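Report on one structure; see the data block that follows.
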Protein chains: 8
Amino acid sequence: MHTDRIKALIRKIKNSSISMDEALSALKNLPYEDIDFAKVDHHRAVRSSIPEVIFAMNKTTEQTLSIARAMYSKGKRFLITKTGDEVYNKLDIKEASFNPRAGTIHCGQPARKKGFVLVVTAGTSDIAAAEEAKETLLFLGSRAEALYDVGVAGIHRVLHHKELLNSARAVIVAAGMEGALPSVVGGLTDRPVIAVPTSAGYGTSFGGLTALFAMLNSCVPGIAVVNIDNGFGAACLAHKINIQR
Amino acid sequence: MHTDRIKALIRKIKNSSISMDEALSALKNLPYEDIDFAKVDHHRAVRSSIPEVIFAMNKTTEQTLSIARAMYSKGKRFLITKTGDEVYNKLDIKEASFNPRAGTIHCGQPARKKGFVLVVTAGTSDIAAAEEAKETLLFLGSRAEALYDVGVAGIHRVLHHKELLNSARAVIVAAGMEGALPSVVGGLTDRPVIAVPTSAGYGTSFGGLTALFAMLNSCVPGIAVVNIDNGFGAACLAHKINIQR
Amino acid sequence: MHTDRIKALIRKIKNSSISMDEALSALKNLPYEDIDFAKVDHHRAVRSSIPEVIFAMNKTTEQTLSIARAMYSKGKRFLITKTGDEVYNKLDIKEASFNPRAGTIHCGQPARKKGFVLVVTAGTSDIAAAEEAKETLLFLGSRAEALYDVGVAGIHRVLHHKELLNSARAVIVAAGMEGALPSVVGGLTDRPVIAVPTSAGYGTSFGGLTALFAMLNSCVPGIAVVNIDNGFGAACLAHKINIQR
Amino acid sequence: MHTDRIKALIRKIKNSSISMDEALSALKNLPYEDIDFAKVDHHRAVRSSIPEVIFAMNKTTEQTLSIARAMYSKGKRFLITKTGDEVYNKLDIKEASFNPRAGTIHCGQPARKKGFVLVVTAGTSDIAAAEEAKETLLFLGSRAEALYDVGVAGIHRVLHHKELLNSARAVIVAAGMEGALPSVVGGLTDRPVIAVPTSAGYGTSFGGLTALFAMLNSCVPGIAVVNIDNGFGAACLAHKINIQR
Amino acid sequence: MHTDRIKALIRKIKNSSISMDEALSALKNLPYEDIDFAKVDHHRAVRSSIPEVIFAMNKTTEQTLSIARAMYSKGKRFLITKTGDEVYNKLDIKEASFNPRAGTIHCGQPARKKGFVLVVTAGTSDIAAAEEAKETLLFLGSRAEALYDVGVAGIHRVLHHKELLNSARAVIVAAGMEGALPSVVGGLTDRPVIAVPTSAGYGTSFGGLTALFAMLNSCVPGIAVVNIDNGFGAACLAHKINIQR
Amino acid sequence: MHTDRIKALIRKIKNSSISMDEALSALKNLPYEDIDFAKVDHHRAVRSSIPEVIFAMNKTTEQTLSIARAMYSKGKRFLITKTGDEVYNKLDIKEASFNPRAGTIHCGQPARKKGFVLVVTAGTSDIAAAEEAKETLLFLGSRAEALYDVGVAGIHRVLHHKELLNSARAVIVAAGMEGALPSVVGGLTDRPVIAVPTSAGYGTSFGGLTALFAMLNSCVPGIAVVNIDNGFGAACLAHKINIQR
Amino acid sequence: MHTDRIKALIRKIKNSSISMDEALSALKNLPYEDIDFAKVDHHRAVRSSIPEVIFAMNKTTEQTLSIARAMYSKGKRFLITKTGDEVYNKLDIKEASFNPRAGTIHCGQPARKKGFVLVVTAGTSDIAAAEEAKETLLFLGSRAEALYDVGVAGIHRVLHHKELLNSARAVIVAAGMEGALPSVVGGLTDRPVIAVPTSAGYGTSFGGLTALFAMLNSCVPGIAVVNIDNGFGAACLAHKINIQR
Amino acid sequence: MHTDRIKALIRKIKNSSISMDEALSALKNLPYEDIDFAKVDHHRAVRSSIPEVIFAMNKTTEQTLSIARAMYSKGKRFLITKTGDEVYNKLDIKEASFNPRAGTIHCGQPARKKGFVLVVTAGTSDIAAAEEAKETLLFLGSRAEALYDVGVAGIHRVLHHKELLNSARAVIVAAGMEGALPSVVGGLTDRPVIAVPTSAGYGTSFGGLTALFAMLNSCVPGIAVVNIDNGFGAACLAHKINIQR
């Protein structure tokens, strides 16, 4: 529609139905929508790698459902994060599938991109964040492999998988408590490592803050850190790295 | 030397001077050094992309100098971070050059890699971290471009450079105070964005903590965050992304 | 009544039934109530712009209802904030209307003042604070306009509305997560900007603290900050600015 | 110059030297500078009320001096905040004057605006922030009055000046330690109150954090809060309120 | 029993069945229990002013009930704090009475001591802590007066009662939010002031921490501060001051 | 002067040169100064027990000296706290004496009051706060006794002095690190205990915060807590308790 | 199986079916599993003193049950910590017994080791952590003695038991609130003292943080500190000390 | 002297110059000093394993010197921690030797105890704390071995030394930044591990707090944690474990 408005303006200039000054003014004040339309286009291009995702926390079940249905009717695909079976049970879309460990519901997945992202966890309590990352990666179009429960208390567990670490395009490491695993992984591979602190733990784990700060202070340089339990964000970053031209 | 030990073991097995059980035991207890030697090799391979760097904070001038000289004599190249002119003035290596804004001294730089990393700052106080990132990128072998002082108080400044943002392989954004620039940049580009909180500010800037937390909470998904003032770490991550096969 | 006491004192002075010294002493010790009566009067004058409001958090439903009824019977108008449908359902006052998004119940509204206050939000999770502000503005007698969901992840959304921003008497900006929107808005307008950090977010959003500190550290000078989720307080300040003579 | 480019485009459309599609594309990609040029203009309009100010903290003496000289040569006026006598002694501009209590150097002041802003302090340690506010107000073109050392330990001191409080266009209250004065002032006047927490105090004053949080939690609704020791920011807000049309 | 052991020792010394050295050694190693028995006596003397009180938080209803019954059967009196109607409804002791605002159940009260303690609150949300203080004072044997809802937003309310403040033996001031009232009260009276921060408020009130720190930083010297919501502790201190010989 | 204004008003009423309404209005608006004059009187009465004290932290040597000289010329007595030998060496008042451990200079002391306050420290690092308390007590007119270095690592040290503890009118306990001594002292005596956290310690002592919070959480009910290193405040409170009628 | 692979390699070397270089290469790349197999063996040896324990927090009832059943079928013994009666009621293993105060279920216990560990608490609220420690000690094979409710408010209670303290191999001290008991105990014994901060308390107890920091700052050197409420960890450490050869 | 008082009492009992009741009373009130004298003796016994140590932080050079001289004249041995060359240069005791890396001066060392304590560091910045621990161990009479710079960024470095780890009586691990090394070490050995967080690092290392919390949250159960940079405390604990009978 914006295109139509611009075309109309061009026609008016062409047939001189507006003066130079009027044209100048019209162009300077060319509605932002038009410029933004380009931006939106570009934005949509961005979205083709990171499409719209529904963050269900702080939303009512009804709000979440109505957004999901709208997205489904438009493009047959969506991803809901931080959700539960209450939403899933009320969702009347057959193609949708629910991952209770991840707290995600997805529908429709693009073709897989070349490389794969490895998702690692220190313990079983970190699997929720890891699964959220995995579901997001799949939804975005990246392949994903999992390597769970290889925390530093038994260092040999991760040493086993050095080759797997080095064949990934990026490595996501989710860890709670002391958050040490990303440092160890980062010392074993030259792949970009993305650390996800998780809220697993109690007392001075401070809901994940201790793991977060440990990761930011890693003695291995160049580890990317995201917010606590933010498997989704880690996956978005890993996907951007994976699809790097 | 480890090789010699292993060879000797092989010879003993070959000429049956040890029994099957003895050989089995010897191999199971094969000194870690040997395995580790391989690990060291691999480690060195890692280092070819992120070579040894001297972090001068908490080191005396003498300690820093002696490490730099040792590295110079071995490989003619080194990078010193978080340093000052006191070290530089006493350093008797002609090829070394000092960047006072970055607080770095480098010597020897590899050939440049294909893409470039864009280093952006919100204000002039963030340039120290940005220059540290730039020097590190150059040292690691990545090309680097700078876009300084384009903070959100005058949003048009960064809007001007959307194309530059989108032609980089990765974008490092250094910002102190409210730390908002990475979110705005992340909304304008689909390149991986690495946010460096800086300690610029006073009062409730808490030496960079406010910027750090703001960046971790960005409404743009997939922003990588590193420690406060850690331009070096951001550069390591950006370089890994840039050289991605 | 205080007036009567003062009148009696005046009469005594007049007819010399008390000595100069007695009069002096009586006046110096003139009960505070009397002075305070004036203060109360003035206080009431203040209240004519910021009338009594019922803060329902920490109050039982019964307490809230009884205060609302008392205010209704006295002046036919009241505003309840941080409340819910439990209170509304038990409230037997027809004129009262409930805004569930704002968590407010109001009854009776004065004539609207000249200018309008613009209430902006970064995301949908910030609308509760914004609606509380809007309801409060209406109750106080200011006009209010809303501009929701224009966060910095898509910077073009707020750029569209520069003229709206500049035609308001004051702008309230509610944002959670990284709290960056007030800085961007403050860079686009010369109107007084009042920032409301909201508790939207998780992990290191710290229930709104990160947004709060980001706003206090805005690189745009002169942004007013209020407590987390305090749409009510922001509206009181905006109203005072709006009715400025 | 942007205007010239747009005019050229209009001419091309007019004389059909470019096709409809080419015109459409050119308009959609109309350089941001043009739009931004308007923005810059408007931005400059904003600056006419809040002109460029030099924040000297984190700047070397030389950097501060060179910016000040540049601004002086352009417009004969500037304001430096968070500075000291080292800068002043090296500054070779006669019209400049130094306020050591405020830590400011200013040069050139506009005509005073109609109303005045009252700057209040709880104690003598809060005067630095208050003087910074006063100097900034004068520089911006607002009149300013001071009422110092009227903290709540002797509540009668501020009660004396109710009329002064009520005749101001806005009231800035600087207080450290328990930060209680803005609440008391806010209860005595209907003027917009801007609270500046100061770093005066020791132990649990946490460099002003306790005062900051106390102010954000004021039982008087509608108090604007700025960063710790940010007299400059408070003045910018007060000035915006004062010049409100 | 300890007495018996000591008596036996005395007899042995008396009839010389142990030598001087043996006696010396025995006495030096006299079991602590015996000494402690005296200490317990003295301890009980202390308790006659601060008798055993049951802190019900973290205790099950059954645990609380059984301790209360035991105390009742021994001395016909007890005080339960931080409790609720669930405990009260199951308590089969007629003399016991429940104060729901205080969250206390008491039974049996001593004769009242000479002076009285004044319990002041800033707002209605602070009454729980104040009532806990009052109930404790009564239980300990001090008289108590209440002055509620005289916060600093309307400073005249507390100014009214200067004489009341000055006729108390000690003043307890409970306040949440910005915690400013103790400073104002402390500036109006020379009585010992005990400040109780309360958890009333939201956002940056941090569950009472802001009020606590404000009170510790009072510009009025000599204000005693206790833990958040600790009306019981404040009352114990006030009682000790009241019964001072 | 205020008296003159009131007398003039009385005369006008008396000779009917103003009407009843005018008189009423004049009285209602009777300047606060007059009332406050009384308040100031009362305030001075308060000050006779807690006279003006000079808090030298945040003051220049010259400021401190000029206030001290002014107070000396008026009343021949003063107390300076948080000061050092630089001030003392420039102070030209013979009667003044300097306590370097306390960081105080005093001049002139009143007659001693009946009871005494016991000042206890856990370690030698806490003596600064204790000496500040002692100097303040002496200046205010209370007697003071010291019991230093009796921390809980050797619990027998404080057990020795139970009688001393119980014969004081109040006990001030200064302790850093874990801040445990006030609890132990509070369990041994029924005297009011005032706890002063000190900034002694390192790492997680957080400059006295750990001791402060430990004291606020004492398992002994009724311990008064003051700000970190605030020996002055503790002494003011102890003095108020000591002179209790 | 790894053994088989190594044996095959030895055979190949022996019969020269591979060259020296091939043998060297094969040995250097000897799969980690083999080395790790030894590590696992050693690891298992470690586990014989600290066997696998099920941490039930963050696990569903079903997850906990299935792990317990698996461990039971393998070795007839397990310990579940941070659990409740819901798990116990569904657990179909007769030998298992539930300690509700500890929140533990255990099954099967080894023979007791020589010395005993003393578990001390300050108050009754600390018993949960203490019982968790006791159950863990028993499960690991250490003997355990309990000494509860001997907090510093009545210092004589712990003084009674000096001999018991000194006859233990290690002393675990659980305390909440001000966390002072470990210091007092550490001053009375030369046994290793392990401090467990507990989350008992309210307000500034910060869920055990205050006790934790107090313990880390103990004036008694050499106190071991573990996480808040971590009776399990304290027991593991005490057991390691107890079984010290 | 106390002995004399007790002897006199014994004599009185013996010659019946006091009655049974008087004797009983006298004994029950036997002054604490006497009992405490015994306690002091025992205390001294404790000190024979942990002798008096001089903590120089917060002490002037003169204070430190005079205590050291006094201890030298009494027992020819002492240890000073947290000190520097200023103290050492003024110390006129030949036998004393200074360890600048440790910040310690010691004089006189007992015979070495059987086992040894291994002191491990993650990086070179952690060596100060490690050396303080080593010096303290030697002074207390334990043997000590060092294993420095084996942080988790190169995990093979610590894997090399598994046997060394397992042959120690206890392992002290000093680490700053993310504090991960104690977890890795704890997973490789069954020896008691004592973790020392160090203040090495910047930004969110928070002067060692991040390492401290990481260590408290170790996924390896039973790790002892001490205060930040507290090598001395770690050594005291390790020594107690080492000399365990």
Side-chain angles (χ1 to χ4, degrees), chain D residues 84-85 99-103 121-131 147-167 174-180 184-185 187-189 197-211 213-214 228-229, chain F residues 2 29-44 46-47 50 52-60 62-64 66-67 81-82 103 128-129 132 174 176 195-200 205-213 215-216 225-234 236:
Chain D
D85 50 15
N99 180 336
R101 290 200 302 177
T121 77
T124 51
S125 311
D126 308 316
I127 290 178
E131 286 287 304
L147 177 58
Y148 290 170
D149 203 18
V150 295
V152 300
I155 200 69
H156 60 282
R157 292 179 296 188
V158 70
L159 293 179
H160 269 300
H161 298 92
K162 269 183 58 173
E163 267 165 74
L164 185 63
L165 292 173
N166 279 312
S167 57
M177 303 178 84
E178 83 266 61
V184 171
V185 166
L188 294 174
T189 181
T198 73
S199 52
Y202 65 100
T204 52
S205 77
F206 299 125
L209 261 187
T210 291
F213 291 135
I228 296 167
D229 290 333
Chain F
H2 301 305
N29 293 299
L30 193 71
Y32 262 87
E33 305 91 290
D34 303 334
I35 300 301
D36 287 333
F37 186 73
K39 230 179 300 170
V40 169
D41 265 349
H42 176 71
H43 200 66
R44 196 170 295 165
V46 172
R47 280 185 189 140
I50 312 278
E52 200 76 64
V53 167
I54 309 165
F55 178 67
M57 187 186 280
N58 299 333
K59 288 202 181 68
T60 65
E62 268 324 303
Q63 289 175 319
T64 302
S66 68
I67 303 175
T81 63
K82 309 278 183 211
E132 185 183 276
V196 185
T198 73
S199 51
S205 77
F206 299 125
L209 261 188
T210 291
L212 168 69
F213 291 135
M215 290 163 177
L216 287 168
V225 184
V226 298
N227 199 3
I228 295 167
D229 290 332
N230 192 5
F232 168 66
C236 291

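Since this is a predicted model, take the numbers as computed values, not measurements. So that the names make sense, note that chain A is the first sequence line, chain B the second, and so on, each numbered from 1.
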Can you tell me how far apart OG (Ser125(D)) and CE (Met57(F)) are? Round to the nearest 0.5 Å. 10.0 Å

Tell me if a side-chain donor or acceptor on Asn227(F) pairs with a main-chain N or O of Thr204(D) at a distance below 3.5 Å. yes

Rounded to the nearest 0.5 Å, what's the gap from CD on Gln63(F) to OG1 on Thr124(D)? Could you check? 7.0 Å

Considering only heavy atoms, which portion of Phe55(F) lies under 4.5 Å from any heavy atom of chain D: side chain, backbone, both, or neither? side chain

Atom pair CD1 (Ile228(F)) and OH (Tyr202(D)), whose distance is rounded to the nearest 0.5 Å: 9.5 Å

